[in-house]
2 protein chains.
Amino acid sequence: MSDLLERLRGRGFRLTAQRRVVAEVLDGDHVHYTADEVLARATARLPEISRATVYNTLGELVALGEVLEVSTDGRAKRYDPNAHSAHQHLVCSRCGSIRDVRPEGDLLSTLPEGERYGFRVSGAEVTYRGICPDCAERRGK
Amino acid sequence: MSDLLERLRGRGFRLTAQRRVVAEVLDGDHVHYTADEVLARATARLPEISRATVYNTLGELVALGEVLEVSTDGRAKRYDPNAHSAHQHLVCSRCGSIRDVRPEGDLLSTLPEGERYGFRVSGAEVTYRGICPDCAERRGK
DNA sequence: ATCTTGACTTGGACTGTGTCTAATGTAGGC
DNA sequence: GCCTACATTAGACACAGTCCAAGTCAAGAT
């Protein structure tokens with residue numbers, strides 16, 4: 001994400017303090033915040049930032065392909081800055097936390113031609129479901 | 001779904017007109033209605049049915065494993081009555097419509113032990129993304 | 001350095017999806 | 001046919017996200 005701001009400027013985007021802060025919040029590995037979590041962390045650095053701006057900026061980053069939108073359940077979408085490296089998600093069925101994982105094999109090729117019903121298939125994403133170590137431990141109580 | 005009502009009764013569920021109607025609406029292949037669509041169709045047969053009851057009944061059917069809950073985007077969840085036959089989903093990126101598909105291979109096995117991060121992994125679901133024939137055609141206009 | 005302007009941000013209202021509650025109704029055992 | 005615990009109802013509520021009109025500001029022009 002480090003040079004993201006430069007890339008944005010290269011595409012004609014104004015560099016505002018708000019966009020800088022949102023990009024900084026999303027920097028890192030295994031980061032999968034909800035919009036509200038991004039807002040909370042952004043507010044810590046820039047108290048007057050508004051919810052609408054966080055949503056706008058996240059939407060722009062997604063449209064540019066810099067950030068992935070992940071909706072693993074009916075709850076809030078999460079934003080994954082690791083868009084430039086192919087990976088899938090392992091989701092805790094209990095608390096909703098997410099880990100990036102890298103399965104083996106080519107998933108798209110597992111869908112035979114006869115199962116495509118005329119769709120132009122462009123991608124496949126896998127969600128592995130399970131219970132994370134924290135939740136497995138807590139359950140005993 | 002035909003004997004679903006009997007199975008429900010066997011598990012101590014009361015057979016009410018509302019539950020019957022919701023189960024009837026969900027009967028069929030390639031059915032993936034949202035809760036609101038279920039409500040609309042149920043209302044056509046039983047005008048006084050309430051939204052809360054539709055949500056309650058859908059939740060019960062999911063808890064019993066008779067129906068699958070599918071959330072492929074941030075929009076409304078969809079309900080898939082085809083829970084007793086393993087399958088995955090092919091989703092149109094444009095209109096959100098869903099087809100059931102049956103890919104080859106065992107998806108769970110594609111996640112190596114070293115990529116499980118202490119999770120107890122219980123399942124894998126694949127969402128294939130593409131453009132459905134209807135949308136591909138419409139786009140030309 | 002200052003001006004100008006159109007893009008950006010803001011707060012708050014609004015929408016869609018889903019949940020909760022207290023009051024009322026009813027399926028099924030007796 | 002009665003009883004009662006479970007189911008249903010309408011509407012209030014909660015959460016995630018979108019929209020809008022008004023004010024602000026980044027950055028190119030001067």
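What you see is a predicted model, and the numbers here were worked out from it, not measured in a lab. Here is how names work: the chains are called A, B, and so on, in the same order as the sequence lines, proteins then strands, and each is numbered from 1.
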From CD of B:Glu37 over to P of C:dG16, roughly how many Å is that when rounded to an integer? 14 Å

For B:Arg9, what residues pass the salt bridge (charged side-chain N to carboxylate O under 4.0 Å, His left out) criterion, not counting sequence neighbours? B:Glu6

Nearest-Å distance for atom pair CG/P, residues A:Leu39 and C:dG11: 11 Å

Is there side-chain contact between B:Ile98 and B:Leu90, with at least one heavy-atom pair below 4.5 Å? no

Partner set under salt bridge (charged side-chain N to carboxylate O under 4.0 Å, His left out) for B:Arg99, not counting sequence neighbours: none

Applying side-chain contact (heavy atoms from CB on, under 4.5 Å) to A:Thr34 and not counting sequence neighbours gives A:Asp36, A:Glu37, A:Ala76, A:Arg78

Check salt bridge (charged side-chain N to carboxylate O under 4.0 Å, His left out) between B:Arg75 and all other residues, then give those that pass, not counting sequence neighbours. B:Asp73

Nearest whole angstrom, please: distance from the P of D:dG17 to the OH of A:Tyr33. 17 Å

In whole angstroms, how far is the P atom of C:dT17 from the CZ atom of B:Arg78? 10 Å

Check the phosphate of C:dT17 against B:Arg75, side-chain N and O only, distance under 4.0 Å to OP1 or OP2. Yes or no? no

Kindly write out the residues that satisfy side-chain hydrogen bond (donor to acceptor under 3.5 Å, both in side chains) with A:Glu60, not counting sequence neighbours, or none if the list is empty. A:Arg19

Rounded to 10°, tell me the angle between the two end axes of the helix from C:dA1-D:dT30 to C:dC30-D:dG1, each built from five pairs. 30°

Charged N-O contact under 4.0 Å between B:Arg102 and A:Glu115: no

Expected rows: protein N/O vs nucleotides 9-14 of chain D N/O, under 3.5 Å:
| residue | atom | partner | partner atom | Å |
| --- | --- | --- | --- | --- |
| D:dT9 | OP1 | B:Gln18 | NE2 | 3.3 |
| D:dT9 | OP1 | B:Glu48 | O | 2.8 |
| D:dT9 | OP2 | B:Ser50 | N | 2.9 |
| D:dT9 | OP2 | B:Ser50 | OG | 3.3 |
| D:dT9 | OP2 | B:Thr53 | OG1 | 2.7 |

Note: with side-chain heavy atoms under 4.5 Å as the link, the other cluster members for A:Ile131 come out as none

Length of the NZ-P vector between B:Lys77 and D:dC15, whole Å: 15 Å

Residues at least two apart in sequence or cross-chain that pass ring-ring contact (aromatic ring centres under 6.0 Å, His included) with A:His32, listed by chain then number, are A:His89

Do any side-chain atoms of residues 40-49 of chain A form donor-acceptor pairs under 3.5 angstrom with protein atoms, and if so which ones, sequence neighbours left out?
| residue | atom | partner | partner atom | Å |
| --- | --- | --- | --- | --- |
| A:Arg41 | NE | A:Tyr33 | OH | 3.2 |
| A:Thr43 | OG1 | A:Leu39 | O | 2.7 |
| A:Arg45 | NH1 | A:Glu24 | OE1 | 2.8 |

Which residues pass the side-chain contact (heavy atoms from CB on, under 4.5 Å) test with B:Ala83, not counting sequence neighbours? B:Leu68

Is any side-chain nitrogen or oxygen of A:Tyr55 closer than 4.0 Å to OP1 or OP2 of D:dG17? yes

Just how far, in rounded Å, is P of C:dT26 from CZ of B:Arg20? 14 Å

What string of B, S and - do you get for nucleotides 22-30 of chain D 5' to 3' if you count protein non-hydrogen atoms under 4.0 Å? ---BBS---

